[in-house]
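Here the structure comes first, spelled out in structure tokens, and everything after it is commentary.
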There are 2 protein chains.
Amino acid sequence: MRCEVLAIGTELLLGQVVDTNSAWIGEQLALAGIDSYLQVKVGDNLDRIVTAIREALARSDAVICCGGLGPTQDDITREAIAEVLGVPLDLDPAIASRIEQMFASRRRAMARNNLRQAEVPRGAEVIPQVQGTAPGLICRLGDRSIYAVPGVPREMREMIQRAVIPDLIAQAGEPATIHSRTLRTWGLSESGVAELLADRLTALDAEANGPTIAFLASGIEGIKVRITAKAATGAEADAMLAKEEQAVRELLGTAVFGADEVGMEGAVGELLLAAGLTLGLAESLTGGLVGSRVSSVPGASEWFRGSIVAYASDVKRKLLGVTDGPVVSEVAAREMAAGAAAALNADVGLALTGVAGPTEQEGQPVGTVWVGLAIDGTSHAQQLPMFGGADRDQIRQMSTISALDFLRRRLLERGEA
Amino acid sequence: MRCEVLAIGTELLLGQVVDTNSAWIGEQLALAGIDSYLQVKVGDNLDRIVTAIREALARSDAVICCGGLGPTQDDITREAIAEVLGVPLDLDPAIASRIEQMFASRRRAMARNNLRQAEVPRGAEVIPQVQGTAPGLICRLGDRSIYAVPGVPREMREMIQRAVIPDLIAQAGEPATIHSRTLRTWGLSESGVAELLADRLTALDAEANGPTIAFLASGIEGIKVRITAKAATGAEADAMLAKEEQAVRELLGTAVFGADEVGMEGAVGELLLAAGLTLGLAESLTGGLVGSRVSSVPGASEWFRGSIVAYASDVKRKLLGVTDGPVVSEVAAREMAAGAAAALNADVGLALTGVAGPTEQEGQPVGTVWVGLAIDGTSHAQQLPMFGGADRDQIRQMSTISALDFLRRRLLERGEA
């Protein structure tokens, strides 16, 4: 079973919106054991959408069209599918009524163009909308399938999970299952990871149906190592994955900070929770980025007290007790960490101070960043490594994850001591 | 002149990395007046990459291959291009030497697989690397061109601007120029925007070579309205854009908060700077998100003092002077705003308090969010509208942009008064 993804919208080609939907659908297809070898973006042009759907169906068993189902004049996915199928569009009175009711219940006037969303290619099965106003579509052309889902991510995700994946699995008969696990590392280069895993890769190459390993530089988020296993059942695939994960973890050591969706902030949160410690932050150049990542973890209130974003230097002195002298320095980083722990009544204080640019500060070049940590009654600080030519955003992002990694490694050492 | 983009990497199809490169390249092509009607993602499979390049060249004059130039075994873009061209790969001694020097200068041992990056399809022109280790490629097949650039965004962007776009323009002769401007709105629905602009759209449809207008729901970032003009020269396109922008702005009013890359935080910063006011924040459920957005604006230190992220309730009382009583309330939002202005010595205090979930707080349901504003000696607060079913991340993002918009509208009124 092969299924392609066709993301529709001129805004995607012009780069005004990044197509995150295809990536998400690709992951769902892989998890369902459905091959997806090609994903295409096309603009809001009837002929080109029609051609793209036909080409996809020539290569694959199915295509998921994503986007172009909205109420406006440039939403023409319905028309394109009808042309591929060679059928007219009919107004579905049940959908039209549902759209009218939705607007009425929200006490909003309905713009008439919303009723375009009630048009359905004749013979298509409707995926009823439970969010938003545009329904999805399931259409057959011989033994091939065309799916259409809205481009709004929430609505798309709900329909893919509820209707499209189950239909694809039903069409496919009994698929093999692909499971994968991604180990996330920080502090190694891509080629460094490759060298550490070289022998393991050679060994896997010799196995006919064994798991595969791929690396992936995720820029600011470190290097990801993906292990993929294909088997007849989910249980077999999971067993293969677990065995290989253990082998890879032994080779990469503490560079592995998490798996799959666990980000650095989640890894730090788990360690703090296990140690029964609370965290207070002092931020400067990151402006709240560390706090926003840390507080994105559900349940963070168990261990996160807050953050003092001291963007102006005098705020560092007034609220964090930073003494006279340069604020981009080892001393200031230590004082900020201790000051954050005290002001926020936290067990651990973590601080960042540095120069994100665009101009230098206190004679320190752009990219100079200190992390400070106050824990167990002492404080220490370290200058963070920064790659040359990093821009303001990269410096802020790198500082954030590096500071959290600094805390993570300290908590790991502390746990072992 | 038509140019497609081929993003290469299994991680893109599996959704482990979102392909942001194609979007960025698409924007550069549009700005250069080069049509890009299709963008394709393909995995690290030699046959499928070869087929994808051939199909792209059958439809378009050029294809930009992005990714798969790294040092590891799954980087096979060089091999695929050589196969399409029907030539062997040669090791380029100059590139090899440069890679070795780069590692030596960083005092790092070079993994031998890095030398794969010095292999070049015979006859190809090399785009020298100035960052990273992988050079780019320019190859001709008859009157068609194949470009290859690394998948690392920084390296890719540099090579596209320095070498690929200039070569494409040279190959194209005199291209038409496409310029576009995106007006960003907050507070209107997509169909609401469509209704406001309906007459204007009808008028433009009647013009043969006039600008075009498209809308775009950007989820959490409001509705974008894109105006695109195609003309023989950049000056003509700009004149068309300026005229149309004025017409659209008159129809949409204060819902327009910025254009193109100006986000809500940039719009607020401009207004604060113009009014000579400084800003202090008090955040709770957003955990630093407002501060991180505000401080992402270069030069924010002119008007941004800092933020007190009071995640724990007792921190709200201690550092912001919030009195006894519920912390998710109109009173607490006002007290937090005033407390932030006082503690951070800022002219304006902006505060957010609410329930991001996953569970309710103080008997208030998930999604209950108050924004408070202290300005000109008074404070007021308002409950933010939240769409039903919003998840934790959406509530935090919506709260952030809504709070900044609340301040923006107040500053606009204040400026008119």
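Below, read A as the first sequence line, B as the second, and so on, with proteins coming before strands; counting in each chain starts at 1.
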At a heavy-atom separation under 4.5 Å, does A:L319 approach chain B through its side chain, its backbone, both, or neither?
-> side chain
Presence of salt bridge, B:E55 and A:R59, under 4.0 angstrom | yes
A:L196 side chain near A:L188 side chain, heavy-atom distance below 4.5 Å | yes
Quick one: of B:S296, B:S284, B:A30, who has the most non-hydrogen atom pairs under 4.5 Å with chain A?
-> B:S296
Give a yes or no on whether the backbone of A:V152 and the side-chain of A:E155 come within a donor-acceptor separation of less than 3.5 Å.
-> no
Does B:R396 use its side chain to pair, donor to acceptor, with the backbone of B:L285 at less than 3.5 Å?
-> yes
When the 4.5 angstrom heavy-atom criterion is applied to A:A194 and chain B, the contacting part is side chain
Sort A:S189 into side chain, backbone, both or neither according to what part of it lies under 4.5 angstrom from a heavy atom of chain B.
-> side chain
Just by modelled atom types, is the A:V40 backbone N or O under 3.5 Å from a matching donor or acceptor in the A:E4 side chain?
-> no
Output the option from A:G26, A:G287, A:G15 having the highest count of non-hydrogen pairs under 4.5 Å with chain B.
-> A:G287
Can you tell which of B:A356, B:P358, B:A343 has the highest number of heavy-atom pairs within less than 4.5 Å of chain A?
-> B:A343
With a 4.5 angstrom heavy-atom cut-off, could you sort out which part of A:R305 is near chain B: side chain, backbone, both or neither?
-> both
Heavy-atom pairs under 4.5 Å with chain B, option from A:G306, A:S295, A:G288 with the top count | A:S295
Is it the backbone or the side chain of A:D314 that comes under 4.5 Å from a heavy atom of chain B, or both, or neither?
-> side chain
Distance-only, no hydrogens or angles: does the B:R157 side chain make a donor-acceptor pair with backbone N or O of B:W24 under 3.5 Å?
-> no
So, the part of A:L281 with a heavy atom under 4.5 Å from chain B: the answer is neither
With a 4.5 Å cut-off on heavy-atom pairs, point out which of B:T400, B:V297, B:V290, B:T228 contacts chain A the most.
-> B:V297
Presence of salt bridge, B:D260 and B:R181, under 4.0 angstrom | yes
Sort out for me which of A:L38, A:I308, A:V5 touches chain B most, counting heavy-atom pairs under 4.5 Å.
-> A:L38
Is the count of non-hydrogen atoms from other residues, nucleotides or ligands lying under 6.0 Å from A:E195 atom CD greater than 12?
-> yes
Counting only N and O atoms by type, is there a donor-acceptor contact under 3.5 Å from the side chain of B:K316 to the main-chain atoms of B:A310?
-> yes
With chain B, the option among A:P71, A:G357, A:P298 that has the most non-hydrogen atom pairs under 4.5 Å is A:P298
Under 4.5 Å to a heavy atom of chain A? For B:T286 that would be backbone
With only heavy atoms counted, which part of B:V130 is less than 4.5 Å from chain A, the side chain, the backbone, both or neither?
-> neither
Portion of A:T20 that has a non-hydrogen atom of chain B nearer than 4.5 angstrom = both
Return the option, out of A:V315, A:L201, A:V193, A:T278, with the maximum number of heavy-atom pairs under 4.5 Å with chain B.
-> A:V315
Donor-acceptor pair, B:E283 side chain versus B:L352 backbone, under 3.5 Å?
-> no
Sub-3.5 Å donor-acceptor pair from the side chain of A:R48 to the main-chain atoms of B:Y37, do we have one?
-> no
Does A:D74 reach the main-chain N or O of A:D44 with its side chain, forming a donor-acceptor pair under 3.5 Å?
-> no
Where on A:Q73 is there a heavy atom nearer than 4.5 Å to chain B: the side chain, the backbone, both, or neither?
-> side chain
Measuring heavy-atom distances to chain A, does B:D19 have an atom under 4.5 Å in its side chain, in its backbone, in both, or in neither?
-> both
Measure A:A300 against the heavy atoms of chain B and call it side chain, backbone, both or neither at under 4.5 Å.
-> both
